[in-house]
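Remember, it's a predicted structure, so these values are computed and weren't measured experimentally.
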Amino acid sequence: MDDVPDASVRVLGPCRIASPLAPLIDDKRTTQHYVDEDDRVLLDDTLSMVTQRNVSLDSLPGFEPAGPRRKIFFDPSKTRVGIVTCGGLCPGLNDVIRGLVLELTSHYGVTRIFGFRNGYQGFIARYAHSVLDLTPELVSTINENGGTILGTSRGQQDPEEIVDCLERMSITILFVVGGDGSLRGALEIGRVARERGDKIAVVGVPKTIDNDVPYIDQSFGFQTAFSKASESIRAAHVEAMSSPNGIGVVKLMGRHSGFLACYASLANSDADVVLVPEVPFTFDGGGGLLRFLHRRVEERGHAVVVVAEGAGQDLLAREDAGTPQGSDASGNVKLRDVGKLLTQRITDHFTAVNMEVNLKYIDPSYVIRSVPANPYDSVYCIRLSHAAVHAAMSGRTEVIVGRWRRRFVHVPITMAISHRSQVDPAGDLWLSVLEATGQPVQFR
């Protein structure tokens, strides 16, 4: 089997302070519902995967479990905390902020918590963003709204300046709520603090609608996002059914990973075709997408196509050869518009065969990411917040919290940014999509 990165977690120093939560866990031991702090959560969960490691039981790769510790590193009465949200919006951001503040104040007695505005810009003096004093009263109802009360931004900032700010404000714990780029920034902040000899814990709560952070089962807000996205697929289906030879095209988020498109399509099974970045497709030929859609419209009178934004970029690159793509503030290459290409090629095909087509195109991206979290994600957010606070107070740093095999764990940021989680074309999720849509394994 492939080697995995080192899953050991960096700790700022020995934990000598009795935790106020110790009485809750003093007599607990590992069960199917709880993992003791001295145990590990294995990376592999099948006999064949474990056997293929061909190592002793003690050498099997695994994660440090999340949760409260009996001893902590930071003295709560002297601890000052910072919270920042970075990158694009996602359902549940306010839930995470609220969960962090309430856990810090109610159970650890931390009284100074600062919210940095507009992402990493909030630490940099030249932007002149004020700092928000986060209190239980201020955050009590923010979970009812989408977005983030702290604001957010994209783009890198100088980690030296960020640590300067943390030092000036005597902040010893920083929570970073963000995706791949934000976590890379968090790792740099941790590195600078370490090189300066600062005892600053940097803990991430991974955020991505694309659900592409590896070594966690699912990112917060994803369930809300695909639930909301499924409404657009249903709308496209109704529109397609209501017109002669109707076709609905729905473009969803997913730069490199098609999880959102897959789950939203499975939620109501209205899609006839799902296109994701992980599975290349072609338009033309007997096994191409256009011939399949043609047959489906002839057979059923309508069709619905769901496409992730990162799908078909190879086709677009050939069509737009010589046109520079550019990049956004975070350095991500700007994607070419697969939705525009799809609608044009579908329209051209039906026109060429002298067949009427009524095509409706829906792009609900901003609607999806700006809504409040649903009850499932709200629960997940608060549990992630609790885990993040426990990790930070026990001196863990350069780490994220997440759930793996339904257990909450600590994952080093180096592992979390080592690659992107993607839909496996040979996996059971894509098999379910093929079963639900009836589309071929690949459009060739």
Side-chain angles (χ1 to χ4, degrees), residues 66-68 81-108 110 113-120 122 131-153 171 173-183 185-186 189 201-213 216-225 368-393 396 399-403 408-411 413 416:
V81 173
I83 301 174
V84 63
T85 54
C86 307
L89 293 182
C90 176
L93 282 167
N94 278 333
D95 296 72
V96 172
I97 296 168
R98 179 177 181 270
L100 293 171
V101 172
L102 295 183
E103 181 69 10
L104 285 163
T105 55
S106 299
H107 294 289
Y108 284 97
V110 176
I113 307 170
F114 303 98
F116 290 88
R117 297 179 187 268
N118 300 323
Y120 286 137
V131 176
L132 193 61
D133 192 5
L134 296 174
T135 64
E137 295 74 24
L138 180 65
V139 304
S140 62
T141 60
I142 62 172
N143 56 305
E144 298 173 8
N145 302 313
T148 163
I149 62 165
L150 298 180
T152 184
S153 68
I171 289 174
I173 292 176
L174 175 64
F175 294 105
V176 176
V177 188
D180 178 82
S182 306
L183 295 177
I189 294 168
V202 182
V203 176
V205 181
K207 169 206 66 72
T208 164
I209 280 184
D210 292 356
N211 198 39
D212 59 357
V213 173
I216 63 173
D217 290 339
Q218 205 166 84
S219 54
F220 76 82
F222 179 69
Q223 293 233 2
T224 304
I368 292 169
R369 70 180 203 167
S370 63
V371 299
N374 67 15
Y376 179 95
D377 274 323
S378 291
V379 172
Y380 189 30
C381 286
I382 197 167
R383 297 192 71 188
L384 284 171
S385 301
H386 291 171
V389 171
H390 299 323
M393 292 301 297
R396 271 63 184 173
V399 68
I400 67 166
V401 292
R403 193 164 56 189
F408 284 88
V409 296
H410 298 152
V411 181
I413 293 179

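Rounding to the nearest 0.5 Å gives a distance of 8.0 Å between NZ of Lys207 and CG of Leu89. In this structure, OG in Ser385 is found 11.0 Å from OH in Tyr380, a value given to the nearest 0.5 Å. Distance check, rounded to the nearest 0.5 Å: CD1 of Ile97 to SG of Cys381 gives 10.5 Å. In this structure, OG1 in Thr148 is found 7.5 Å from CD1 in Ile142, a value given to the nearest 0.5 Å. Here CZ of Phe175 is found 5.0 Å from CG of Leu104. Values are rounded to the nearest 0.5 Å. Taking CZ of Arg98 as the start and OG of Ser140 as the end, the distance is 7.0 Å to the nearest 0.5 Å.
Between Val213 and Asp180, every side-chain heavy-atom pair lies at or beyond the 4.5 Å cut-off. Using a 4.5 Å heavy-atom cutoff, the side chains of Phe220 and Val177 are in contact. Using a 4.5 Å cut-off on side-chain heavy atoms (C-beta onward), His386 and Phe408 make no contact. In this structure, Met393 and Ile173 have side chains that are in contact, with non-hydrogen atoms separated by less than 4.5 Å. Contact annotation: the side chain of Leu93 never approaches that of Thr152 to less than 4.5 Å [non-hydrogen atoms, C-beta and beyond]. Looking at Leu384 and Val96, their side chains never come closer than 4.5 Å, going by heavy atoms from C-beta outward. Ile149 has its side chain within reach of Leu134: a pair of non-hydrogen atoms, C-beta onward, lies under 4.5 Å apart. Within the 4.5 Å cutoff, no side-chain heavy atoms of Asp377 are placed close to those of Asp95.
Here the closest heavy-atom approach between residue Arg396 and residue Val203 is recorded as O-CG2, 3.7 Å. Between Val399 and Ile413, the closest heavy-atom pair is N-CG1, 3.5 Å. The two atoms that bring Pro91 and Ile209 nearest to each other are CD-CD1, 4.0 Å, heavy atoms only. Pairing each heavy atom of Ala186 with each of Val176, the nearest pair is CB-CG2, 3.9 Å. A pairwise comparison of heavy atoms in Ile400 and Ala416 identifies CD1-CB, 3.5 Å as the closest pair. Here the closest non-hydrogen pair linking Pro372 and Asn143 is CB-O, 4.4 Å.
Side chain of Ser370 to backbone of Gly147: no donor-acceptor contact under 3.5 angstrom is found. Using a distance-only test at 3.5 Å, with no hydrogens or angles considered, a donor-acceptor pair links the side chain of Tyr120 to the main chain of Ser182.
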(request) Just do the side-chain contact (heavy atoms from CB on, under 4.5 Å) check on His410 and Val401 with the steps written out, would you? (result) CA-CA 5 Å; His410 298 152; Val401 292; 4.0 Å; yes

(request) Would you check, one step at a time, whether the test side-chain contact (heavy atoms from CB on, under 4.5 Å) holds for Leu138 with Asp133? (result) CA-CA 9 Å; Leu138 180 65; Asp133 192 5; over 6 Å; no

(request) Quick one: do Val389 and Val81 satisfy side-chain contact (heavy atoms from CB on, under 4.5 Å)? Show the steps, please. (result) CA-CA 10 Å; Val389 171; Val81 173; over 6 Å; no

